[in-house]
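Below: one structure, written as structure tokens.
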Number of protein chains: 2
Amino acid sequence: MLRLSKQTDYATVLLSHMASAPQRVCNVSELAQATHVSAPMASKTLKVLAREGLIESERGASGGYRLSRDPSQISIADIVRAIEGPIALTQCSSHEGCSLQSHCQIRPHWQVINSTIINSLKQLSLAELQGPASHLGL
Amino acid sequence: MLRLSKQTDYATVLLSHMASAPQRVCNVSELAQATHVSAPMASKTLKVLAREGLIESERGASGGYRLSRDPSQISIADIVRAIEGPIALTQCSSHEGCSLQSHCQIRPHWQVINSTIINSLKQLSLAELQGPASHLGL
DNA sequence: CTAAATAGGACCAAATGGGTACGATATGCT
DNA sequence: AGCATATCGTACCCATTTGGTCCTATTTAG
Ligand code: FES
Ligand code: FES
């Protein structure tokens, strides 16, 4: 359905909340309460984000998560890539290779579309999510 | 994985081939051979495209499919919408409503991103798929 | 009448996505 | 030392979606 997963949605909301007070270390239950994401899903999601390097974790009592870089340096594209893996609209725009590839003329076009979308997702950073929606001249 | 379905891929290839000789009526097996899409899948896909009005069908012997409008009037966005339904990156950018919706600040941003992507898919028509890839200033 | 073609499903297997649970490990505090 | 509080890793389950096949109508040319 050309939809990104709910987990990506959760990730964005969680990160967006963390960006409102960068540096601060938040634990799962706090983030879950603030964002209304269920605690187990918040936990699952934050683990992935930590593994992918978007946030850093402090373990043990009074531990939690903290953004690993400035909110302006984290884009929606980063979040999507962290949760869903590389953005490739079609099989042939990744390196898996498409069954039609050998006789197909439109592959380069897919790649163009793919880059266009990636670019538009890169345009928007966590920092900008804080403000009102007014980007890309729309 | 932010990937459009293989059927959408098939649809694009099939339509692209039909666009190389608009007006002409092609039957399934011809299209399957030309595009290397398996005949059953080509058939299934073309049925959907016909139902959604992108192509018109002629039934009976020597029947087949024909583009219902000029290739320049059919965009990738049309194809995606025909096969996958409305493009909505997140639940909350459609009207289904998102579980977080009531306390969420970033919803308007999703809508902006969504429109951006739809626009970039609208930019590219079947007619342009015929030529080399050089769109959107990339 | 018959062959060729689409229409519209049912149907199945595999993959994906959403969500839960649990044991292991690390840290601060008393 | 010992306990409470956290994250980490992963395994698991269930519902949905996807990819693909197949079969039976119905339509039309010759
Ligand atoms: S190579 Fe995948 S659609 Fe052309
Ligand atoms: S309303 Fe869905 S993520 Fe904000």
Side-chain angles (χ1 to χ4, degrees), chain A residues 1-11 13-14 18 24-33 36-66 68 80 82-86 88-91 96 98-100, chain B residues 1-11 13-14 18 24-33 36-66 68 80 82-86 88-91 96 98-100:
Chain A
M1 217 188 300
L2 191 51
R3 172 165 300 186
L4 21 80
S5 72
K6 260 195 147 185
Q7 205 182 358
T8 305
D9 209 335
Y10 295 156
V13 176
L14 290 166
M18 292 174 77
R24 175 135 159 274
V25 174
C26 312
N27 64 27
V28 170
S29 51
E30 178 195 335
L31 284 168
Q33 278 205 324
H36 294 82
V37 175
S38 84
M41 277 311 291
S43 168
K44 179 178 184 170
T45 304
L46 291 162
K47 283 176 210 168
V48 177
L49 294 174
R51 171 165 49 82
E52 298 296 321
L54 294 192
I55 58 183
E56 281 165 2
S57 64
E58 309 224 343
R59 302 182 62 167
S62 82
Y65 295 97
R66 186 184 55 248
S68 64
V80 174
I83 303 286
E84 321 213 1
L89 272 201
T90 57
Q91 251 182 339
E96 298 171 38
C98 170
S99 49
L100 313 173
Chain B
M1 218 188 298
L2 192 51
R3 174 165 301 184
L4 22 79
S5 73
K6 260 195 146 186
Q7 204 180 2
T8 306
D9 209 336
Y10 295 154
V13 176
L14 291 165
M18 293 174 76
R24 174 133 161 276
V25 174
C26 312
N27 64 27
V28 169
S29 51
E30 177 194 334
L31 284 168
Q33 277 204 327
H36 294 83
V37 177
S38 85
M41 276 311 290
S43 168
K44 180 177 185 172
T45 305
L46 291 163
K47 282 176 209 171
V48 176
L49 293 175
R51 172 165 48 81
E52 298 296 320
L54 294 193
I55 59 183
E56 281 165 2
S57 65
E58 309 224 342
R59 302 181 62 166
S62 83
Y65 296 97
R66 187 183 56 249
S68 64
V80 174
I83 304 285
E84 321 212 2
L89 273 202
T90 57
Q91 251 181 338
E96 298 171 38
C98 171
S99 49
L100 312 173

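In what follows, chains carry the letters A, B, and so on, assigned in the order in which the sequence lines appear, proteins first and then strands, with residues in each chain numbered from 1.
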Worksheet, complete the sentence: Result for 5'-nearest mapping on DNA chain D, choosing between S62(B) and S5(B), is S5(B)

Fill in: Inter-residue atom distance I83(B).CD1 - M1(A).CE, 0.5 Å rounding
14.0 Å

Worksheet item: Who passes salt bridge (Lys or Arg N to Asp or Glu O under 4.0 Å) against R24(A), sequence neighbours left out?
Response: E30(A)

Item to complete: Tell me, please, which residues at least two apart from E84(B) pass salt bridge (Lys or Arg N to Asp or Glu O under 4.0 Å).
Response: none

Results of side-chain contact (heavy atoms from CB on, under 4.5 Å) for [X] - residues two or more places apart only:
X      : answer
S29(B) : N27(B)
S62(A) : none
R66(B) : V25(B), E56(B), E58(B)

Worksheet entry | Along DNA chain C (nearest heavy atom to each residue), the more 5'-positioned of A61(A) and Q7(A) | Q7(A)

Worksheet item: For DNA chain C, which residues in residues 47-60 of chain A have a heavy atom at a distance below 4.0 Å?
Response: R59(A), G60(A)

Discussion item. Is any side-chain heavy atom of L100(A) closer than 4.5 Å to one of V37(B)?
Written reply: yes

Discussion item. I'd like to check T90(B) versus C98(B) (side-chain heavy atoms, cut-off strictly below 4.5 Å). Are they in contact?
Written reply: no

Worksheet item: To 10°, what angle do the rotation axes through the five end pairs on each side of the helix from dC1(C)-dG30(D) to dT30(C)-dA1(D) form?
Response: 10°

Item to complete: Identify the 5'-most and 3'-most nucleotides of DNA chain D with at least one atom closer than 4.0 Å to a non-hydrogen atom of chain B.
Response: dG19(D) to dA29(D)

Counting only pairs under 3.5 Å, give me each side-chain donor-acceptor contact of residues 44-55 of chain A, with atom names and distances, residues two or more places apart or in other chains.
residue : atom : partner : partner atom : Å
T45(A)  : OG1  : Q7(A)   : NE2          : 3.4
T45(A)  : OG1  : M41(A)  : O            : 2.7

Worksheet, complete the sentence: In B/S/- notation (B base, S sugar-phosphate only, - none; protein heavy atoms under 4.0 Å), nucleotides 11-16 of chain C written 5' to 3' is -----S

